[in-house]
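Chain naming here is simple, since letters A, B, ... match the order of the sequence lines and numbering starts at 1 in each.
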Number of protein chains: 2
Amino acid sequence: MTVTSVHDPSHREALWELEDAFERGDLVSVFGRCTVSYEGRAASDLGAGDRLLVLKPDGAALVHTDEGRQPVNWQPPGSEHHAAVREGRLRVRSTRSNPDETLTVRFSDVHQLSAMAVTGGRDLTLHGSEEDLRTRILERPDLVEPGFEPRETERPSSAGPMDVFGVDAEGTPVVVELKRRRVGPDAVGQLARYVRALREELGGEEGDGASPAVRGVLVAPSLTDRAAERLAERGFDHVALDPTPEE
Amino acid sequence: MTVTSVHDPSHREALWELEDAFERGDLVSVFGRCTVSYEGRAASDLGAGDRLLVLKPDGAALVHTDEGRQPVNWQPPGSEHHAAVREGRLRVRSTRSNPDETLTVRFSDVHQLSAMAVTGGRDLTLHGSEEDLRTRILERPDLVEPGFEPRETERPSSAGPMDVFGVDAEGTPVVVELKRRRVGPDAVGQLARYVRALREELGGEEGDGASPAVRGVLVAPSLTDRAAERLAERGFDHVALDPTPEE
DNA sequence: ATTTATATGTCGACT
DNA sequence: AGTCGACGTATAAAT
């Protein structure tokens, strides 16, 4: 049997089950009425209500209400779970250091507690990421523009590694910045840093008006208005491209 | 009774419980062995393994493994849950539009299914946020510097609303950007945009070297090295301040 | 609906 | 341990 489960346990029964589950390294879920308090990077308090508490063997803790993708309170992996009965009620506390943080869940009622031994199956394969966009461009450089030749990926510079470095049909160096989705002005700033770094590296004195020709190309499905303005100011180009080919 | 719970149900029993739970608007958790596939903004596939599926009445769906704060797959609130038995196995599908996204969880075994009617208790009070930092500064402007006078919060500009606008002891306009924690270079860029916008608004032509005096102050607990460099380049100041007073 | 800034963001990679 | 950039980021506020 890989799952243990108790319905409407006493607080002491719940404590035993929890301690056993921690011992076994189980993934735990607790339904019940509780208050939650957190103190660490910030601090918060949550009044009594029905919630779902999830405790993972890697130390992660999640408190979920009936709404939202995000837990209302949580503790990151690497924390330590402790269960106790205080003043007749089940108290679950998850703590970590660096930074010091404590999450405390106090149950007035435990409705359901389940624990499952979890095995394997963490092999997620994700498609449509920035990685895919790069692959696509390396396979078909003409998608950037006719005559474009990629020379290097993750090319180092004083401003950090640039996504793709290459030359255009005229032999002019081109810095390509990849974004998997619609981008704002920050992406233009990032591209500008790489271009500036490369111009300096290639020998131009900054601001002498004769800096070496280096082009900047932003590859992204689309731009916000402000991003388009900034791109134009800098004299960079935009190539509309998705990480995955259209169906 | 607010909680229903079944242990090792048949796929058909699980289906009935799920449909009832959707009908009642319950918060649902399902332990079991399953495969997961997602298609939408990106696409992913996850092989067979033991996982926890959480289904919320607001449409959110979460697939959790034994590791990590984040679900390995999910669907945002506003999605629609559907359960069915296909080829003798429980299939839960969560779909939404704009963008079109589908999450499909196929169970080979359902170990435990629980559903709880959830009531209220969503009144989280959070402390230590940027909001707190602003409050703190408005109450004690001298924390920024002696003689500083806040004039406006969320003051509009062409670059968006600035956190705090005021004047220093000399009467020079000051733009204050607030960050609740250690900041990188992006925050300096944000502050620079506000300062530039304000200089233009106050009548200086950009780049004429005689733009009106406007100071920029970044209030944050600390800075990264690169952020400090950029701050110095721009001639802005840093004030070390936490959102909450030290104990 | 789109854009913008925040988040106890989380997470991975690299120094 | 600290820094940096990506994320199917999520989320809320404003336009």
Side-chain angles (χ1 to χ4, degrees), chain A residues 38-44 60-63 67-79 96 98-103 124 126-133 154 156 159-163 177-187 189-190 193 222-227 243-244, chain B residues 38-44 60 62-63 67-79 96 98-103 124 126-134 154 156 159-163 177-187 189-190 193-194 222-228 243-244:
Chain A
Y38 155 77
E39 183 141 353
R41 286 169 289 177
S44 74
L62 311 168
V63 180
E67 287 189 347
R69 212 226 44 149
Q70 299 292 51
V72 63
N73 276 114
W74 72 91
Q75 198 69 286
S79 311
R96 71 157 177 165
N98 203 332
D100 279 334
E101 291 188 295
T102 304
L103 177 72
L124 182 74
L126 182 64
H127 319 284
S129 58
E130 187 177 301
E131 178 75 28
D132 288 272
L133 185 52
E154 303 296 331
M162 40 193 86
D163 287 337
E177 175 67 23
L178 305 177
K179 294 292 170 187
R180 59 178 304 281
R181 60 171 207 173
R182 185 173 175 82
V183 297
D186 49 334
Q190 200 178 335
R193 292 211 311 279
S222 64
L223 310 175
T224 66
D225 289 349
R226 195 187 291 270
T244 50
Chain B
Y38 156 76
E39 183 142 352
R41 284 169 289 178
S44 74
L62 311 168
V63 180
E67 288 190 345
R69 218 248 3 170
Q70 300 291 43
V72 63
N73 275 118
W74 71 92
Q75 199 67 287
S79 311
R96 71 156 177 165
N98 207 319
D100 279 333
E101 291 187 298
T102 304
L103 177 71
L124 183 75
L126 183 65
H127 318 285
S129 61
E130 186 179 302
E131 178 75 31
D132 288 273
L133 184 52
R134 177 167 57 208
E154 303 296 328
M162 40 193 87
D163 287 338
E177 174 67 23
L178 306 176
K179 294 292 171 188
R180 62 176 302 281
R181 62 169 207 171
R182 184 173 177 81
V183 296
D186 50 334
Q190 199 177 335
R193 291 212 309 280
Y194 296 138
S222 63
L223 308 175
T224 66
D225 288 349
R226 196 188 290 270
T244 50

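- Under the side-chain contact (heavy atoms from CB on, under 4.5 Å) criterion, A:R226 pairs with A:P185, A:T224, sequence neighbours left out.
- Residues that satisfy the side-chain hydrogen bond (donor to acceptor under 3.5 Å, both in side chains) test with A:S222, not counting sequence neighbours, are A:R182.
- The interatomic distance linking A:L62 (CG) with C:dG9 (P) rounds to 16 Å, in whole Å.
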Nucleotide N/O of nucleotides 13-15 of chain C paired with protein N/O under 3.5 Å:
none

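- Taking 4.5 Å as the limit, every side-chain heavy atom of B:R134 sits out of range of all side-chain heavy atoms of B:R180.
- Contact annotation for A:P77: backbone-only contact, meaning every heavy-atom pair under 4.0 Å involves sugar-phosphate atoms and none involves a base.
- The side-chain contact (heavy atoms from CB on, under 4.5 Å) search around A:S129 returns A:E131, A:D132, not counting sequence neighbours.
- Comparing the C1' positions of C:dA7 and D:dC7 gives an interatomic distance of 14 Å, to the nearest angstrom.
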Which protein N or O atoms sit under 3.5 Å from an N or O of nucleotides 12-15 of chain D?
none

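- In this structure B:A159 satisfies the side-chain contact (heavy atoms from CB on, under 4.5 Å) test together with B:S157, B:R193, B:Y194, B:A197, sequence neighbours excluded.
- Separation of the C1' atoms belonging to C:dA5 and C:dG9 is 13 Å when rounded to the nearest angstrom.
- For the side-chain contact (heavy atoms from CB on, under 4.5 Å) test, residues two or more places apart in sequence or in another chain that qualify with A:P77 are A:D58, A:A60, B:R69.
- Taking the P atoms as reference points, C:dC11 lies 15 Å from D:dT11, given to the whole Å.
- Checked against salt bridge (Lys or Arg N to Asp or Glu O under 4.0 Å), B:E101 has the following partners two or more places apart in sequence or in another chain: B:R41, B:R96.
- Rounded to the nearest 0.5 angstrom, A:E177 CD and A:M162 CE are separated by 10.0 Å.
- Taking the charged nitrogens against the carboxylate oxygens, B:E130 and B:R181 have no contact shorter than 4.0 Å, which rules out a salt bridge.
- In this structure, A:L62 and A:N73 have side chains that are not in contact, with every pair of non-hydrogen atoms separated by 4.5 Å or more.
- Considering only residues two or more places apart in sequence or on other chains, B:E39 meets the salt bridge (Lys or Arg N to Asp or Glu O under 4.0 Å) condition with none of them.
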Query - Heavy-atom protein contacts under 4.0 Å, nucleotides 3-8 of chain C, coded B base, S sugar-phosphate only, - none - result: SSSSSB
